[in-house]
Amino acid sequence: MDASAQTISAALLDWYDAHARVLPWRSAPGAPPPDPYRVWLSEVMLQQTTVAAVGPYFDKFTRAWPTVEALAAADEGEVMAAWAGLGYYARARNLIACARAVAARGGTFPDTEAALRELPGLGAYTAAAVAAIAFDRPATVVDANVERVVARLNAIEEPLPAARKAIRARAEALTPPRRAGDFAQAMMDLGATVCTPRGPRCLLCPLTQWCAGRRAGAERFPVKPPKKAKPQRRGRAFWVERGGQVWLVRRAGRGMLGGMLALPDDGWSARGDGSAAPPLDGPWHPLGTVRHGFTHFDLDLQLMLYSGSDLARFAPNDGEWWDIARLDQAGLPTLFAKAAGLMLALRDETGESG
DNA sequence: TAACCGTGGAC
DNA sequence: TGTCCAAGGTT
């Protein structure tokens, strides 16, 4: 660590001591680290997800499953339902797998970056973050905040993702041998509250005197590649009702919304050409369309009502009947929660009680 | 490497 | 309404 890097990291830690955000999964600057379980759980939830969105989920999970052993012993469907609405459901599947792997080794998380990296759902970022924050290891944590701060600090003109190698090298040079966890959280707090993507508050920044990017216009760093257009897809979901219950299915364990409880559908997730769904044979009637944006495509999902009498075709082997009165507890991902909301709104309009 | 994988808030 | 994008991981 050269003298300049040491000066910069010391200035950032001083800033963190005074301005650290208070968060449920975090201990105060300089204080002993939190429970590794809580660090790991929060880091997985925070992957590509805002602090505000994570808050209620972190509370719910730690209340329901206070330890990694409790989570490992939990019913998978309950965990997936508890995750519903948070998105990127592979995280929840990996969360269960990781909890069980940790429980199998006695309930103790590995305390090195390399060993953490072997666990399901822990990539370079999360392994380094848990190692640094929970175990005070001098690991270099590089997330989107760190990328932005470092790219600006060094006025890196090379666009992402090619710039990541240089960014990581600079971040490693800045990482202090002590308080690496606080340093990582300081970088992320700085990126979230001062060195923001738009409208950075350079006048409030503790690193401004060392920032090459500020002189060149900090906001334009990091340089990013042009975005690709999002395709439009269309599909149908099906509302099948019987005596105040609706037919739900468990989606396959991989791919879109994998492992989640859902309304049955026509496989829109596998049809990528944007074509309209073919006509349906039988007693099906359109109720309306839900528009939903995913990361890499937009979806128009038409909700179809089944008015036939052949309910035997919906066998418990393939799904389950769920009480409509407690549908909000089913743990449907947002797409299907929207579709269900459309149906329930129509029901209210027509004055039916169910 | 690049595609895939959710969602909601900010502007 | 549209656009951007957040404490990324897996394949």
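Worth saying up front: this structure is predicted, and the values here are computed from it rather than measured. Naming convention: chains lettered A, B, ... in sequence-line order (proteins, then strands); numbering from 1 in each chain.
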Could one point to a donor on the side chain of A:Thr295 or the base of B:dG6 with an acceptor on the other under 3.5 Å away?
yes
Does A:Thr62 use its side chain to pair, donor to acceptor, with the backbone of A:Asp59 at less than 3.5 Å?
yes
Say we look at B:dG6 and C:dT3: how far apart would their P atoms be, to the nearest angstrom?
22 Å
Going by the angle between their ring planes, with limits at 30° and 60°, are A:Tyr37 and A:Phe109 parallel, tilted or perpendicular?
tilted
For atom P, what is the distance between B:dC4 and C:dA7, given to the nearest Å?
24 Å
Provide, to the nearest angstrom, the distance between the CD atom belonging to A:Gln48 and the P atom belonging to C:dC4.
16 Å
A:Met256 side chain: which of C:dT10, B:dC5, C:dG8 is closest?
B:dC5
Please classify the nucleic acid contact of A:Trp83 as base, sugar-phosphate, or nothing, using heavy-atom distances under 4.0 Å.
nothing
A:Arg179 side chain to A:Ser9 side chain, donor-acceptor N/O pair below 3.5 angstrom:
no
Return the value, rounded to whole Å, for the distance between atom OH of A:Tyr89 and atom P of C:dT10.
19 Å
In whole angstrom, give the distance that lies between atom CD of A:Glu219 and atom P of C:dC5.
10 Å
Is A:Arg21 side chain donor-acceptor paired with the C:dA7 base, going by distance under 3.5 Å alone?
yes
